[in-house]
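Below is one structure, written out as structure tokens; the observations come after it.
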Number of protein chains: 2
Amino acid sequence: MLPRKIADSTVRRLAIYLRFLEEFEAQGADTLSSKALAHRAGTTSAQVRKDLSFFGSFGKRGLGYDVHALARELRDILGLNRRYRVIMVGAGRLAGALVQFSGFNERGFDVVAVLEKDPAKIGQRWGGLVVEDVRHLEKVVKQQRVDLAILVTPADPAQGLVDRLVAAGVTAVLNFAPVQLQVPEGVEVKNVNLAVELETLSYAIKHRSDNRAESA
Amino acid sequence: MLPRKIADSTVRRLAIYLRFLEEFEAQGADTLSSKALAHRAGTTSAQVRKDLSFFGSFGKRGLGYDVHALARELRDILGLNRRYRVIMVGAGRLAGALVQFSGFNERGFDVVAVLEKDPAKIGQRWGGLVVEDVRHLEKVVKQQRVDLAILVTPADPAQGLVDRLVAAGVTAVLNFAPVQLQVPEGVEVKNVNLAVELETLSYAIKHRSDNRAESA
DNA sequence: AACCGCTCGTGAAACATTTCACAAATGCTC
DNA sequence: GAGCATTTGTGAAATGTTTCACGAGCGGTT
């Protein structure tokens, strides 16, 4: 069903297309052209068609794409037709915001446990969950059959925690700690680094006028 | 001082290099090779040298880079040798976590106001700030001389808010709302979409074994 | 002061991604 | 059912990014 290697940029766009397809779906639209989708997603129609073409031909020439059918295809391609069991490692404010974040749940990501080192936080109730001692990490990963970890800790303990997660069987990690995690082959890591985002904005602000003029 | 167009990927790596340089600085290291920096940042030495070469020659052949000097250069390149005045638009849990996030402050980003629509939240004290009515957006942007907005709202109101921000003079936005914002030329937008990150992980999990085997 | 081991800076080559442009397919109209 | 207006799917071209490979410069050693 699929080709050698798909660019990360393509996969990200597919996720974005899916979001807009579901919006259109909710608005009762049945059919959509690559042009309309591209406009919404901030890209070009050729890009949309090329991205989809890696996985098959889902459109009708002269007409466009069936909104429901394409949404279903994209959910299938992205692996969103199942649920994932997520462990949150770290119980700071960002972790709290993420646990509440409805987008995760709607997309099939269920937080099944929250771990923390700080004794003051262990035992707190978070929605239906109780914050557990990070010492029980291995036990929790196994008992809860965790698919995916979200790492929301300071930089320091991150590598040690990811080692333990991997040893316990976790094979996918969303990492908010500002370190480059070392993991064995076969384990997927995605990094989100808010400071980097701000700093690229800072760069853009500083260099904004470097189109034409250039002076000291 | 600078070339035509620098790739976003390069700028992001510069921000990452800077983080590790500052770590090494704190550990008392004086000199660092492109190889050592690359290892820490998860890339290659050639990449490090190429990234830096767009902006000048900062190293000493045979030796490597002076940690302090290179950190200073990177801060200058990234525009981090000044402070930015940030307005937070939206006062949900994620906004709360971001306001607390020490990384922002350390890097020179000062949150000077928090705006919100929900009357229940207006008037709350957040650290040294009071959550204000979003109706005062224009007044606050001007009085506080805001450089940069962080948009942490649902998708629906995002475009309208960004229009008002831009009209009031804001020229850089970090957007957490899951929409593709339309802005005029000269306004910088960076999108952070946590759902997209999770979905690319989901894709990676699903397609992990597509290296060799391929069956229906 | 000549040599040696190391590491930078950088064109050129390799690789990856996006854009172009057009044939083929579809529905609609007459 | 022929003609027309659309819109897809896709090789090929253009563009962008990373990797390679090597000349040049630096510090230390004899």
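Only a predicted model underlies this, so the values are computations on that prediction, with no experimental measurement involved. Note on naming: letters A, B, ... go to the chains in the order of the sequence lines (proteins, then strands), and numbering restarts at 1 for each one.
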What is the distance from [atom1] of [X] to [atom2] of [N], rounded to the nearest Å?
{"X": "B/Lys60", "N": "C/dG5", "atom1": "NZ", "atom2": "C1'", "value": "19 Å"}
{"X": "B/Asp8", "N": "D/dT18", "atom1": "CG", "atom2": "P", "value": "10 Å"}
{"X": "A/Asp66", "N": "C/dT26", "atom1": "CG", "atom2": "P", "value": "15 Å"}
{"X": "A/Arg12", "N": "C/dA16", "atom1": "CZ", "atom2": "P", "value": "19 Å"}
{"X": "A/Lys35", "N": "C/dT19", "atom1": "NZ", "atom2": "P", "value": "16 Å"}
{"X": "A/Phe58", "N": "D/dT10", "atom1": "CZ", "atom2": "P", "value": "11 Å"}
{"X": "A/Leu52", "N": "D/dG9", "atom1": "CG", "atom2": "P", "value": "7 Å"}
{"X": "B/Ile6", "N": "D/dT17", "atom1": "CD1", "atom2": "P", "value": "10 Å"}

One thing to verify: whether [Y] and [X] come together as a salt bridge, which I'm taking to mean a side-chain N less than 4.0 angstrom from a carboxylate O.
{"X": "B/Glu22", "Y": "B/Arg107", "result": "yes"}
{"X": "B/Arg82", "Y": "B/Asp76", "result": "no"}
{"X": "B/Asp110", "Y": "B/Arg85", "result": "no"}
{"X": "A/Lys60", "Y": "A/Asp66", "result": "no"}

What's the closest nucleotide to the side chain of [X] if the choices are [options]?
{"X": "B/Ser33", "options": "C/dT7, D/dT7, D/dT10", "value": "C/dT7"}
{"X": "B/Leu63", "options": "C/dT18, D/dG27, C/dC8", "value": "D/dG27"}
{"X": "A/Ala7", "options": "C/dA23, C/dT17, D/dC26", "value": "C/dT17"}

Can you check whether [X] has a side-chain N or O nearer than 4.0 Å to OP1 or OP2 of [N]?
{"X": "A/Arg13", "N": "C/dT18", "answer": "yes"}
{"X": "A/Gln47", "N": "C/dT19", "answer": "yes"}
{"X": "B/Thr44", "N": "D/dT18", "answer": "no"}
{"X": "B/Arg49", "N": "D/dT19", "answer": "no"}

Taking the six-membered ring for Trp, are B/Tyr65 and B/Phe58 ring centroids under 6.0 Å apart?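 Aromatic pair excluded; centres sit 6.0 Å or further apart.
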With a non-hydrogen cut-off below 4.0 angstrom, is A/Ser45 in contact with a base, only sugar-phosphate, or nothing?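 Answer is nothing: A/Ser45 stays at 4.0 Å or more from every strand.
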Between B/Gly62 and A/Ser34, which is nearer to the 5' end of DNA chain D once each is assigned its nearest nucleotide?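 The 5'-side residue here is A/Ser34.
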Between A/Lys50 and B/Tyr65, name the one whose nearest nucleotide on DNA chain C is closer to the 5' end.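 Its nucleotide being nearer the 5' end, the pick is B/Tyr65.
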